[in-house]
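See structure below.
Chain letters run A, B, ... following the sequence lines, proteins first, then strands; residues in each count from 1.
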Amino acid sequence: MAEWIAVAADPVGAGGRLQALGADGTPLSAAEPVDDLAEAVAVREARLRPRWVWAATDDLYPRLLDRVPVRLGRCHDLKLVEALLLGYEGGHGQPRSLGAAWARLRGLPVPDDARDGAADGQPSLFAADRHQLPPDVDQLTAVVAVHAEQRRRIAAMERPERMRLLCAAESAGALAAVEMARDGLPWSAAVHDALLTDLLGPRPSGGARPQELDRLTARFQEAIGRPVNPDSPAQVLSAFARAGVSLPSTRNHVLKDAGHPAAAILLRYKELSRIHSAHGWAWREQWVGGGRFRPEYVVGGVVSGRWATRGGGALQIPRLLRSAVVADPGHRLVVADAGQLEPRVLAAMSGDRGLCAAAAGGDMYADLAGTAFDGDRGRAKIALLAAMYGQTSGEAGQLLAILRRRFPAAMGLVEEAARVGEAGGVVRSQLGRTSPRPSALWPQDDEETADGASPALRAARAWGRFTRNFTIQASAADWALAVLAALRRRLAALGPDGGAPPRLVFFQHDEVMVHTPVEFAEAVAEAVTEAAREASRLVFGDTPVCFPLQTCVVECYADAK
DNA sequence: AAACGAGGCGCC
DNA sequence: AAAGGGCGCCTCGTTT
């Protein structure tokens, strides 16, 4: 019956308290103590499918899952919502814990989030500490009060329905993040090992260096004529200088054009060295167990709404290693990737007629090339990326002039976002996620320099590029989160009771992966397509822009295209 | 010994 | 004319 139920876990033990809430957030009944919170939540989930209201998903949901294998449908994460609302209200960076929100509500001194368990990774002894609540404040009371206040704040906004959607999607993402961290990404140690051995030589014992890295180091030193450490950019630069090659840096694109035989060897060394140090045997020991790679996702870890990860570099799995991601026997991976998401977002947000027409089809860049760039798809792509990132150097400058002439509304949107940022203002995503303000130190000194670009001016322009990109990147994240939430709900409806249901196992900005028994694979692929359609309508409304989610069913991630 | 910024590169 | 946005994590080399 109750659509919303507030939850607080007891400081010690398995118990807690629940309280049903009405449509405006006010309690419908007295708080109900329960001995086994996880069991009580599971029972009510099955019966009522409410939206669970609690201090922080990353704190409570894992503890529930430790006791009962229940999957919850919906929640309202007070900490994540508080961060969204604070940002919207211009208060980025303020403490967002339950205790901080409570203190602001009551006009009390606001505790900082420094000892917030979720923030520093150090779980504190008592749940009350975790949420920064004073010892004399009842947690459930605070949950109910802060929740009601958050709903009031949302209702007062210009577009409350959009912020509600954003809060729901962010909270659903928090549920998914906990579940994905527990389920893990299928990872074949055998395939990974074969790959490493093939590239680096047999696994060295102790802390020894792999054969191939030693061999490449020796070859590089011979070619450059000095015993330099290839991992030291400073040593490498001076060695090249002594060999008569002056380089501005040791970056890949510089080395590619260095015109010295040692450069090619060094490039290969750097490629393999990175694999070894970032995703080698030591990495696997630390992050892979039981055939699963278990990273920890940090929802709300990026101001644009993208997720971050803690440990394991889950969002940087090298393409080279994707063959190690293999479905269990009898299972498949459904990999879905939103192609050209950001330019499509730009089209939908700006409503630019020409760009919308291009974004109605399957390959925007190709379409654009045909209408504005003499059939040159590569230039069309560079132009659009430059518009969204604020690039002006090289050929991008000319291409931007074409965009400005042909797609004035789209260019107007990103240029206005840049101007706002340069002036120290904030911009918002489609659903209302808000950019931070530039640091308080900015803009101060404005001493003119010879070329006219004072430090303050350069900083302002850099911030303009940030707000320009934020508008697009954060709106793309809005859409991706909405897809994730919609897909998660559809998957829950798919799975059998008791058996192994389809599971979300990976989410990376504009890409999702589901691990599923083979008999559900086609249904999962269908669910992905429907989730994309649903998210597009929810986030962008009635737009001609198409947001295709390319989906493929594979046994191995490397086979996804 | 630990902390930090810089340089660099993986992913989107 | 104007030096392309976001992240995590590695190593180096210096500072504390």
Side-chain angles (χ1 to χ4, degrees), chain A residues 209 213 228-237 247-255 266-267 269-280 282-283 286-287 295-298 300-322 337-342 345-346 381-401 414-415 417-418 421-422 427 429 433 435-436 451-454 457-477 480 506-512 557:
Chain A
R209 305 262 300 157
L213 292 185
V228 299
N229 177 359
D231 286 322
S232 169
Q235 288 184 32
V236 168
L237 282 187
L247 300 175
S249 77
T250 63
R251 294 185 196 183
N252 284 341
H253 67 95
V254 171
L255 289 172
L266 181 58
L267 280 168
Y269 171 87
K270 287 169 69 160
E271 183 184 9
L272 296 186
S273 169
R274 185 179 171 84
I275 295 281
H276 175 244
S277 65
H279 288 94
W283 172 86
Q286 189 175 358
W287 297 105
E296 187 181 350
Y297 294 92
V298 185
V302 183
V303 289
S304 67
R306 283 181 170 186
W307 290 8
T309 56
R310 206 162 17 227
L315 303 184
Q316 304 135 256
I317 300 172
R319 293 182 165 276
L320 199 58
L321 294 187
R322 292 185 178 181
D337 180 291
Q340 306 169 345
L341 176 57
E342 297 195 343
V345 165
L346 172 58
K381 180 175 180 176
I382 288 173
L384 265 185
L385 292 177
M388 293 184 298
Y389 289 155
Q391 180 182 6
T392 53
S393 63
E395 69 170 328
Q398 282 184 317
L399 299 177
L400 285 181
V414 291
E415 290 180 344
E422 288 177 14
V427 295
S429 74
R433 196 185 299 267
S435 71
D451 58 2
S454 70
L457 193 55
R458 288 155 59 111
R461 283 180 179 153
W463 198 259
R465 289 191 296 276
F466 167 66
T467 51
R468 170 197 293 260
N469 184 252
F470 180 97
T471 307
I472 305 301
Q473 188 186 110
S475 301
F506 194 54
F507 174 56
Q508 179 179 233
H509 311 316
D510 61 358
E511 181 178 355
V512 293
Y557 190 16

Practice task
Using a cut-off of strictly less than 4.0 Å, decide whether A/Lys270 has a side-chain nitrogen or oxygen near OP1 or OP2 of B/dC9.
Solution key: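 It does, given that an N or O in the side chain of A/Lys270 lies less than 4.0 Å from OP1 or OP2 of B/dC9.
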Practice task
For C/dC10, take OP1 and OP2 only and decide whether either is under 4.0 Å from a side-chain N or O of A/Ser273.
Solution key: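 The answer is no; no side-chain N or O of A/Ser273 sits under 4.0 Å from OP1 or OP2.
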Nearest to the side chain of [X] - [options]?
X: A/Ser393; options: B/dG10, B/dG8, C/dA3; answer: C/dA3
X: A/Asn229; options: C/dC12, C/dG4, C/dT11; answer: C/dC12
X: A/Arg274; options: C/dC7, B/dC11, B/dC9; answer: B/dC9
X: A/Arg319; options: B/dC11, C/dG6, C/dG4; answer: B/dC11
X: A/Gln473; options: C/dG6, B/dG10, B/dC9; answer: C/dG6
X: A/Thr392; options: B/dC12, B/dC9, C/dA2; answer: C/dA2
X: A/Gln316; options: C/dG4, C/dC9, B/dC9; answer: C/dC9
X: A/Gln235; options: C/dA1, C/dG13, C/dG6; answer: C/dG13
X: A/Asp510; options: B/dC12, B/dC9, C/dA1; answer: B/dC12
X: A/Glu511; options: B/dC12, B/dG8, B/dC11; answer: B/dC12

Expressed in angstrom and rounded to an integer, what is the separation of [X] atom [atom1] from [N] atom [atom2]?
X: A/Arg465; N: C/dA2; atom1: CZ; atom2: C1'; value: 9 Å
X: A/Leu346; N: C/dG5; atom1: CG; atom2: C1'; value: 14 Å
X: A/Asn252; N: B/dC9; atom1: CG; atom2: P; value: 4 Å
X: A/Glu342; N: C/dG4; atom1: CD; atom2: P; value: 17 Å
X: A/Glu395; N: C/dA2; atom1: CD; atom2: P; value: 16 Å
X: A/Arg468; N: C/dG6; atom1: CZ; atom2: P; value: 13 Å
X: A/Ile472; N: C/dG4; atom1: CD1; atom2: P; value: 18 Å
X: A/Asp337; N: B/dC11; atom1: CG; atom2: C1'; value: 12 Å

Handout entry: Under 3.5 Å donor-acceptor, A/Thr309 side chain and A/Gly313 backbone
Key =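 No; judged by distance alone, with no hydrogens or angles, the pair does not exist.
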Problem - Carboxylate-amine/guanidinium contact A/Arg306 A/Glu342, below 4.0 Å - result: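 Yes, this pair counts.
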Could you check whether [X] gets within reach of a base, just the sugar-phosphate, or nothing at all, counting any heavy atom under 4.0 Å?
X: A/Arg251; value: sugar-phosphate
X: A/Gly311; value: sugar-phosphate
X: A/Thr309; value: sugar-phosphate
X: A/Gly312; value: sugar-phosphate
X: A/Ala386; value: nothing
X: A/Ile317; value: sugar-phosphate

Practice task
Establish whether the base of C/dG6 is bridged to the side chain of A/Arg306 by a donor-acceptor pair shorter than 3.5 Å.
Solution key: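 Between C/dG6 and A/Arg306, which were checked side chain against base, a qualifying N/O pair under 3.5 Å is present.
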Handout entry: Enclosure of A/Lys381 NZ (heavy-atom neighbours >12, cutoff 6.0 Å)
Key =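 Atom NZ in A/Lys381 is not packed in, count stays at 12 or less.
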Exercise for the section: State whether the number of non-hydrogen atoms from other residues, nucleotides or ligands found under 6.0 Å of A/Arg209 atom CZ is greater than 12. Expected result: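 More than 12 heavy atoms, drawn from other residues, nucleotides or ligands, come within 6.0 Å of this atom.
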Handout entry: Is_stacked (A/Tyr389, C/dG4) at 5.5 Å, 30 deg
Key =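 No, A/Tyr389 does not stack on the base of C/dG4.
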Practice task
Kindly write out the residues that satisfy ring-ring contact (aromatic ring centres under 6.0 Å, His included) with A/Phe507, not counting sequence neighbours, or none if the list is empty.
Solution key: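 With sequence neighbours excluded, A/Phe507 shows a ring-ring contact (aromatic ring centres under 6.0 Å, His included) to A/Trp307, given in chain and number order.
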Problem - Reported OG-to-CG distance for the pair A/Ser249 and A/Leu237, which is rounded to 0.5 angstrom - result: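 Going from OG on A/Ser249 over to CG on A/Leu237, the span is 7.0 Å.
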Practice task
If a pair satisfies side-chain hydrogen bond (donor to acceptor under 3.5 Å, both in side chains) and one of its residues is in residues 465-477 of chain A, list it, with sequence neighbours excluded.
Solution key: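 Of all non-adjacent pairs touching residues 465-477 of chain A, those that pass side-chain hydrogen bond (donor to acceptor under 3.5 Å, both in side chains) are A/Ser304-A/Gln473, A/Asn469-A/Gln473.
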